[in-house]
Asker: 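The structure follows.
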Amino acid sequence: MGDGYDAIGETFAEWREQGSGDPRRDWEDKLVSRLSDGARVLELGCGGGSPETTRLAQQFALTGVDISPRQVERARAAVPDAEFVCADFTELELPGSSFDAVASFYVFNHVPRELLAPLLANIHTWLVPGGWLLTAFGQSDNPGWTGDFLGAPTFFASYPPEINSRLVREAGFAIAEDEVVAWEGADTPECFQWVLAQT
Ligand SMILES: C[S@@+](CC[C@H](N)C(=O)[O-])C[C@H]1O[C@@H](n2cnc3c(N)ncnc32)[C@H](O)[C@@H]1O
């Protein structure tokens, strides 16, 4: 996964801006409105310094994690006020109750299905009581598939929405908002399940 985004990082950043109706800003607003200034926010799969990362870093103490060394390098240059860690977040060990929120934009559809439940359980431990999770899950029934994405081999996997929601609840979260949203991507229709949940 790191190699792929090392290669396509810049292409991805341009590609993601070309769609129309991407709801990521609206969902980021829902999270931001629930946090106090200076809150500790962890962004998983932050990429190379997206507008969402920039905005979160302006208001909060942001730590971004990405598996791609090149994307982390870009993020550090683009968002100097945040801290960035190059790591696989499915293997990350962090102290308990160390963040007020965890955010992730278009990343969990790259996580092998069997790792989603342990990842959600870890996120729950990293959050303070009352902490928030915002994420966009893939929503097709895809056991795992590697194919070309913007010129690099990329792994995708996802569960249908009812299973994603169940996994979130089973990890100990209360779901505040849960919606499947479709829009026109740059070259294909896009559809993700957005979930905002609280510990
Ligand atoms: C589709 S991009 C999204 C990037 C950014 N969140 C955005 O919306 O522009 C997915 C990102 O997740 C990262 N990623 C995927 N799996 C990861 C993992 N297990 N650990 C850390 N980063 C991961 C990739 O390197 C890539 O930068």
Side-chain angles (χ1 to χ4, degrees), residues 1-19 21-29 31-32 41-57 60 62-79 82-94 99 101-123 126 133-140 142 144-158 181 183 185-188 190-195:
M1 179 58 61
D3 292 350
Y5 276 94
D6 275 353
I8 67 168
E10 273 153 22
T11 316
F12 174 77
E14 287 164 20
W15 175 86
R16 85 196 282 274
E17 298 306 327
Q18 287 164 11
D22 184 334
R24 64 188 191 249
R25 176 73 187 216
D26 296 340
W27 284 88
E28 188 181 42
D29 284 347
L31 175 67
V32 166
V41 178
L42 177 68
E43 186 185 353
L44 301 178
C46 57
S50 71
E52 291 70 57
T53 307
T54 302
R55 181 184 182 205
L56 290 173
F60 307 116
L62 183 72
T63 304
V65 179
D66 204 283
I67 200 170
S68 154
R70 192 69 190 96
Q71 288 293 71
V72 168
E73 207 177 291
R74 287 189 189 105
R76 285 189 177 127
V79 193
E83 193 169 315
F84 293 96
V85 178
C86 187
D88 180 341
F89 56 67
T90 65
E91 295 177 356
L92 205 55
E93 292 182 14
L94 293 169
F99 288 95
V102 171
S104 190
F105 302 88
Y106 310 134
V107 179
F108 283 13
N109 58 319
H110 292 310
V111 175
R113 296 206 301 195
E114 67 277 13
L115 297 184
L116 269 182
L119 174 62
L120 290 165
N122 282 341
I123 292 171
W126 300 337
L133 167 66
L134 170 66
T135 192
F137 288 100
Q139 45 71 52
S140 61
N142 171 14
W145 169 81
T146 298
D148 177 85
F149 178 55
L150 302 176
T154 306
F155 177 79
F156 295 90
S158 48
V181 186
W183 73 98
D187 43 19
T188 49
E190 296 286 348
C191 191
F192 281 78
Q193 180 188 10
W194 288 87
V195 172

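Here the structure is a predicted model, which is why all the values come from computation and not from measurement. Counting convention: from 1, in listed order, for ligands and their atoms alike.
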Asker: Using a 4.0 Å cutoff against the non-hydrogen atoms of D88, which atoms of ligand 1 qualify?
Answerer: 18 (C), 19 (N), 20 (N)

Asker: Looking at D66 and R76, is any side-chain nitrogen of the basic one under 4.0 Å from a carboxylate oxygen of the acidic one?
Answerer: no

Asker: Can you name the atoms of ligand 1, numbered from 1 with element, that are less than 4.0 Å from a heavy atom of A87?
Answerer: 20 (N), 21 (C)

Asker: Take R55 and D29 through the side chain to side chain contact (heavy atoms under 4.5 Å, CB included) test and state the conclusion after the steps.
Answerer: CA-CA 10 Å; R55 181 184 182 205; D29 284 347; 2.6 Å; yes

Asker: Report the C-alpha distance between T135 and L120 in whole Å, list the side-chain angles of each, state the deciding distance to 0.1 Å, and finish with yes or no for side chain to side chain contact (heavy atoms under 4.5 Å, CB included).
Answerer: CA-CA 11 Å; T135 192; L120 290 165; 5.6 Å; no

Asker: Can you find an N or O of V65 that's nearer than 3.5 Å to an N or O of ligand 1?
Answerer: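 It does not: no N or O of V65 is found under 3.5 Å from an N or O of ligand 1.
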
Asker: Is the Y106 ring parallel, tilted or perpendicular to the W194 ring (thresholds 30°, 60°)?
Answerer: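 Aromatic pair Y106/W194 classed perpendicular.
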
Asker: Just to verify, which of L42, V195, I123 counts as forming a side-chain contact (heavy atoms from CB on, under 4.5 Å) with L133?
Answerer: I123

Asker: Which atoms of ligand 1 sit under 4.0 Å from any heavy atom of Y106?
Answerer: 1 (C), 2 (S), 3 (C), 8 (O), 10 (C)

Asker: Does ligand 1 have a heavy atom under 4.0 Å from the side chain of C46, from its backbone, from both, or from neither?
Answerer: backbone

Asker: For ligand 1, which is the ligand I care about here, please tell me if F89 has any N or O atom under 3.5 Å from one of the ligand's N or O atoms.
Answerer: yes

